[in-house]
Amino acid sequence: MKSIYDFQIKSKEEFEIVQDKSKKYPEVFWSEVAGAFKWNSVWDKVLESDWTIPRTKWFINGKLNITENCLDVHAKSTPDKLAILWEPNDPNADSQRITYEELLSKVCKFSNGLKSLGVKKGDRICLYMPMVPELTVAVLACARIGAIHSVVFAGFSSKALSARINDSKCRVLITADGAFRGNKIIDLKSICDDALLSCPSIEKTVVFERTLKKIKWNPKTDIRWDDLIQNMSEDCLPTIMDSEDMLFILYTSGSTGKPKGMVHTCGGYMVYTAYSFLNVFQYSPGDIYWCTADIGWITGHSYMIYGPLLAGATTLHFEGIPSYPNWDRFWNICEKYKVNQFYTAPTAIRSLAKHPKELISKYDLNSLKVLGSVGEPINEEAWHWYDENIGKNKLPIADTWWQTETGGILISSLAGVTDQKPTFATQALPGIVPELVDKKGEVLKDKSAEGILTITAPWPSIARTIYGNHERYKEVYFSAFPGKYFPGDGALRDTKGNYRITGRVDDVVIVSGHNLGTAPIENSINEHPGVAESAVVGFPHEIKGNALMAYVILYDFNLKTESLKDEIRTLISNSIGPIAKPDKILFVSGLPKTRSGKIMRRILRKLANNEFNDLGDVSTLLNPEVVEEIKGQF
Ligand code: 7RM
């Protein structure tokens, strides 16, 4: 039997050969990769796909349990190998080192605990937890017994939590008494108590004790984590799943208010996350890999838990935040654990770049071999700062473009193997077929082009549906360009076939009959040396239909003058045309952002339209206070 490492591409020549093969014979290609895993019975058909319905199925009738491949396989061959390294919020508290054998026991114990609550295959379980190893244990325990995990980021409000619980009718909620985040304690349990006032489907709440702060206790429904696992066996046979059985639901925000529960299935997700992990990050056995995301996001699911564990890797999980106790914490951790692969987000890079370089030079970062970026387009300045200061101008940077919906990385360089180019995600991974189209859906055939990104061929880890709403799935992803997957991003292609993601294309505003994307307008505003960041939205206008409003953050707030507004308008006029000049420019100190650093344009649109009382739930924002500040400026 081949190992998944046999599919790790090691040279540019090999990349070209594999890419060619994956395009010509996708089913042969993916079935060979899938052969590197343990299946209880092999699929009888590799692929069934019709994106007009839309439907995608991989490894049909294959039977497996993903946790056998994440845990049992390695616990048998390398029991003492470290699976998880855990760094707590408090740098002086004890860290944890969990081997594959230990992780398997912990997962089995908790799986048995869940079973004792009556949880069975197909039940939905909500997880609302801090970044402790028990979160990973709970995720894998669900997968082991065929329950569907729905992790909700533990920074979301009680309202957001209850909406997600109710959408998928979860039976059990797993949470903690609280979470440590920097010098704050977040009372997770009381947030859950609030949420559960309107969640009739929840029968039991399992509470892991992290902070030991006093909490309200409901003896009828609440169970301590430790009590639940106390007498449980350390063995639990994995439940045999079909390839296309649901593995998890993960909610992502849509352009309308209601979150979309993206559904991922067992077989294809397993094959693609492991394959992409090994190839993008060029992980070698023994390396220490660190992704700084939260498990509450898809990056955490695919590249902190499943991808690395499937590869038998050592994955570092950090409970805290980059600024605590100081802005050198990330570099401190890199040195402490001799991190080899470091994967973070542009928003983190930009905050880190604001602090003195001595905070980096204090530490020995020589262990680093690969850097990664994810979550939004990385701007030129941030890319070069990362390259120079962390990569010392010699490390490959993998700019990884993908989505909750794609399950895994679709466009990225393979670190150190294929060419990189600043601010370009570069090439599609083997088996991924991107295509640029214009607004009418015409394929842009020129080598170098700019347009809307689509993906034309199915890949194993595409989300199969939106939980309970297949119509919306079809509408959002498969109706703009029939037969193609539409991710909602714009992209530019250079003559060598490298892709640069330019931003969301679903934020198009029609001004006096002209279709204007807000992303290119923002890009030209950002060219002004005084501008740190900007966001442009449309608002209704009597004559033009829509007009534009620009929210602009200046490096120096004191420079907010009328003449600066004129300079910004001139820049836009010069790069796009006078039609793209915003009617209103507002200087602000921050923009409302999601926890993963994405600007909430929906809120900016409402503010621009004076709809102050109808902003929806702003409590899920990273910085709800800026909404008040912006309101005050109108
Ligand atoms: C992994 C993740 C998805 C959206 C996506 C893009 C943007 C993500 C990049 C990027 C440019 C990147 N999932 N995005 N990665 N844009 N370059 N490397 O972020 O579901 O939360 O967001 O994020 O707009 O469509 S997500």
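Whatever order the structure lists them in is the order used to number ligands and atoms, beginning at 1. All heavy atoms count here, side chains included; hydrogens, waters and symmetry mates do not.
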Test of understanding: given a 4.0 Å heavy-atom threshold, classify the contact between [X] and ligand 1 as side chain, backbone, both, or neither.
X      : answer
Thr400 : backbone
Asp489 : side chain
Glu376 : backbone

Give me the nearest non-hydrogen protein atom to [atom] as residue plus atom name, then the distance to 0.1 Å.
atom                    : value
atom 7 (C) of ligand 1  : Gly375 O, 3.3 Å
atom 11 (C) of ligand 1 : Pro377 N, 3.1 Å
atom 2 (C) of ligand 1  : Trp402 O, 3.7 Å
atom 20 (O) of ligand 1 : Thr404 OG1, 2.6 Å

Only heavy atoms of [X], strictly under 4.0 Å: list the atoms of ligand 1 that pass.
X      : result
Val374 : 1 (C)
Thr299 : 1 (C)
Lys598 : 4 (C), 19 (O), 21 (O), 22 (O), 23 (O), 26 (S)
Asp399 : 12 (C), 17 (N), 18 (N)

>> Among Asn279, Asp419, Thr426, exactly one meets side-chain contact (heavy atoms from CB on, under 4.5 Å) together with Leu414. Which residue is that?
In response: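 When side-chain contact (heavy atoms from CB on, under 4.5 Å) is applied between Leu414 and each of Asn279, Asp419, Thr426, only Asn279 qualifies.
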> Can you name the one residue among Leu410, Leu429, Ile409 that meets side-chain contact (heavy atoms from CB on, under 4.5 Å) with Thr400?
Replying inline: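 By the side-chain contact (heavy atoms from CB on, under 4.5 Å) criterion, Thr400 pairs with just one of Leu410, Leu429, Ile409: Ile409.
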> Would Tyr306 and His301 count as a close aromatic pair, with their ring centres under 6.0 Å?
Replying inline: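 Not close enough - the centres of the two rings lie 6.0 Å or further apart.
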Pairs of donor and acceptor atoms involving the side chains of residues 481-490, under 3.5 Å and at least two apart or interchain, shall be tabulated with distances.
| unit_1 | atom_1 | unit_2 | atom_2 | d |
| --- | --- | --- | --- | --- |
| Lys484 | NZ | Glu435 | OE1 | 2.7 |
| Tyr485 | OH | Gln403 | OE1 | 2.6 |
| Asp489 | OD2 | Trp401 | NE1 | 3.0 |

Anything under 3.5 Å between a donor and an acceptor, one on a side chain of residues 386-399, the other on a protein residue two or more places apart or in another chain? List them.
| unit_1 | atom_1 | unit_2 | atom_2 | d |
| --- | --- | --- | --- | --- |
| Tyr386 | OH | Gly372 | O | 2.8 |
| Asn389 | ND2 | Trp385 | O | 2.9 |
| Lys392 | NZ | Asn389 | O | 3.0 |

> Does Gly488 come within less than 4.0 angstrom of ligand 1, counting non-hydrogen atoms of the residue?
Replying inline: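 So Gly488 does not count as touching ligand 1.
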>> Quick check on Glu475: does its CD atom have over 12 non-hydrogen neighbours (other residues, nucleotides or ligands) under 6.0 Å away?
In response: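 It does not: Glu475 CD has 12 such atoms or fewer within range.
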>> As an exercise, state the distance from CE of Met600 to NZ of Lys606, rounded to the nearest 0.5 Å.
In response: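 NZ of Lys606 is found 10.0 Å from CE of Met600.
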>> For the NZ atom of Lys260 and the CE atom of Met262, what is their distance to the nearest 0.5 Å?
In response: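 That separation rounds to 6.5 Å.
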